[in-house]
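Scroll down for the structure; my scribbles are underneath it.
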Amino acid sequence: MQTNLARSAVMDIQQLRTFVAVAREGSITRASERVHLSQPAVSAHIKAMEDTLGLALFERTPRGMDLTRDGERLLERAEQTLAAHRALLEEAARIKSTLTGRLRLGMGCNSGTEALGHLMTGFAERYPQVDVVLRHGTSRSIAEGVRNGSLDAGFYNETGEPEEDLSVVEISRFAIYLAGPPGTVAKDSPDWRRLADFPWICPAPDTCCGEAAEALFCRHNFRPERIISVDREQVTRTLIAGGVGVGLLHADAAREAEAAGEVELICEAQAATRLLFACLGERVDDPLLRAANAIVTAAL
């Protein structure tokens with residue numbers, strides 16, 4: 001005969017993911033970003049688990065969410081369960097090694113090279129009969145391609161919120177910096193009128209760096225006399241280092257160029273840009289996209 005606990009202890013994998021996220025982040029807010037749920041949904045998952053188990057898993061404090069002793073004891077088990085769930089899905093994917101078809105994949109300029117490598121390698125190893133067709137474009141064109149069906153999925157940079165009809169996996173976050181040749185501008189208090197006289201090296205407005213540039217123009221009420229359109233970050237970095245003008249660089253490239261003495265960072269142009277992997281929400285159960293999402297998620 002089942003015990004009362006066995007009959008009542010019904011919880012889903014998403015609740016376990018939420019529990020682990022809150023435990024590791026120590027915050028409802030950060031956990032909601034990690035599991036891509038609203039804060040009320042995260043709170044509801046935790047309450048449902050506590051009600052089901054009859055245990056207090058967290059202590060709410062001014063600092064955030066602290067695990068109780070019971071919560072600490074269950075955390076390892078929850079992580080083991082999630083690992084077993086991932087292993088089951090991976091094994092099922094291996095069993096279904098006859099997966100075939102064509103995955104039309106989009107790749108935004110200057111974004112997600114490492115994540116793309118993981119995905120391409122994963123398909124080559126697990127699903128060699130799947131043809132992956134890669135198309136490069138701006139972030140906006142990749143997102144639009146996913147939404148209009150010309151692409152099955154894609155990596156792109158997002159400075160705002162993705163469209164609600166997209167199912168997204170956040171790969172990483174980064175800042176964007178405005179950089180100039182060494183010694184050409186004051187870093188502490190930029191003279192935006194003087195900066196307007198410099199050529200600006202930046203990609204089209206429908207890219208993350210292009211959007212960051214347009215935001216600077218609006219914020220400081222100016223327009224450069226000359227804009228040099230370049231859609232490759234390495235070229236932008238080379239031109240800035242060569243004294244051609246000022247431009248925008250992703251955080252890693254910006255700090256690397258600064259450390260090498262090639263550029264000086266003038267200001268942070270965009271604090272939080274996200275690299276996303278996206279497909280249409282209504283297509284998440286498509287076998288090809290389910291496999292792609294599993295490979296991308298496993299690499300995080």
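These numbers come from a predicted model, not from an experiment.
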Mind listing the closest non-hydrogen atom pair of [X] and [Y] along with its distance?
{"X": "Gly247", "Y": "Thr236", "value": "CA-CG2, 4.5 Å"}
{"X": "Val35", "Y": "Ala21", "value": "CG1-CB, 3.6 Å"}
{"X": "Ile142", "Y": "Leu151", "value": "O-CD1, 3.8 Å"}
{"X": "Cys202", "Y": "Ala213", "value": "SG-CB, 4.2 Å"}
{"X": "Arg193", "Y": "His220", "value": "NH2-O, 4.2 Å"}
{"X": "Leu16", "Y": "Ala78", "value": "CD2-CB, 4.1 Å"}

More than 12 foreign heavy atoms under 6.0 Å from [atom1] of [X]: is that the case here?
{"X": "Arg60", "atom1": "CZ", "answer": "yes"}
{"X": "Asp197", "atom1": "CG", "answer": "yes"}
{"X": "Arg102", "atom1": "CZ", "answer": "no"}
{"X": "Gln80", "atom1": "CD", "answer": "yes"}
{"X": "Arg135", "atom1": "CZ", "answer": "yes"}

Are the charged groups of [X] and [Y] less than 4.0 angstrom apart, N to O?
{"X": "Arg274", "Y": "Glu158", "result": "no"}
{"X": "Arg290", "Y": "Asp286", "result": "no"}
{"X": "Arg34", "Y": "Glu170", "result": "no"}
{"X": "Glu33", "Y": "Arg30", "result": "no"}
{"X": "Glu79", "Y": "Arg86", "result": "no"}
{"X": "Arg283", "Y": "Asp152", "result": "yes"}

Check: [X] side chain, [Y] main-chain N or O, donor-acceptor pair, under 3.5 Å:
{"X": "Thr207", "Y": "Ala204", "value": "yes"}
{"X": "Ser139", "Y": "Asn157", "value": "yes"}
{"X": "Gln129", "Y": "Thr100", "value": "no"}
{"X": "Thr68", "Y": "Leu57", "value": "yes"}
{"X": "Thr121", "Y": "His118", "value": "no"}

Rounded distance [0.5 Å steps], [atom1] in [X] versus [atom2] in [Y]:
{"X": "Leu288", "Y": "Tyr127", "atom1": "CG", "atom2": "OH", "result": "9.5 Å"}
{"X": "Leu195", "Y": "Leu216", "atom1": "CG", "atom2": "CG", "result": "9.5 Å"}
{"X": "His250", "Y": "Phe174", "atom1": "NE2", "atom2": "CZ", "result": "4.0 Å"}
{"X": "Leu275", "Y": "Thr273", "atom1": "CG", "atom2": "OG1", "result": "10.0 Å"}
{"X": "Arg232", "Y": "Leu239", "atom1": "CZ", "atom2": "CG", "result": "14.0 Å"}
{"X": "Leu248", "Y": "Arg237", "atom1": "CG", "atom2": "CZ", "result": "15.0 Å"}

Does one hydrophobic cluster hold both [X] and [Y], with members joined at side-chain heavy-atom distances below 4.5 Å?
{"X": "Val235", "Y": "Ile201", "answer": "yes"}
{"X": "Leu75", "Y": "Leu55", "answer": "yes"}
{"X": "Met107", "Y": "Leu300", "answer": "yes"}
{"X": "Ile46", "Y": "Ile13", "answer": "yes"}
{"X": "Val133", "Y": "Leu99", "answer": "no"}

Report task. Please work out which of the three classes, parallel, tilted or perpendicular, describes the rings of Phe277 and Phe155, given edges at 30° and 60°. Result ->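 Correct class here is tilted.
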Side chains of [X] and [Y]: do they bring a donor and an acceptor to under 3.5 Å?
{"X": "Asn148", "Y": "Ser150", "result": "yes"}
{"X": "Glu211", "Y": "Thr159", "result": "yes"}
{"X": "Thr138", "Y": "Ser141", "result": "yes"}

Do the ring centers of Phe222 and Trp200 come within less than 6.0 Å of each other?
yes
Evaluate Glu144 against Arg147 for salt bridge (Lys or Arg N to Asp or Glu O under 4.0 Å), listing each step before the verdict. CA-CA 5 Å; Glu144 183 56 31; Arg147 297 184 71 239; 3.6 Å; yes
Phe58 vs Asp66, side chain to side chain contact (heavy atoms under 4.5 Å, CB included): CA-CA, chis, key distance, verdict: CA-CA 5 Å; Phe58 293 95; Asp66 291 342; over 6 Å; no
Problem - Working for side chain to side chain contact (heavy atoms under 4.5 Å, CB included), residues Met120 and Glu125 - result: CA-CA 9 Å; Met120 299 287 282; Glu125 292 176 348; over 6 Å; no
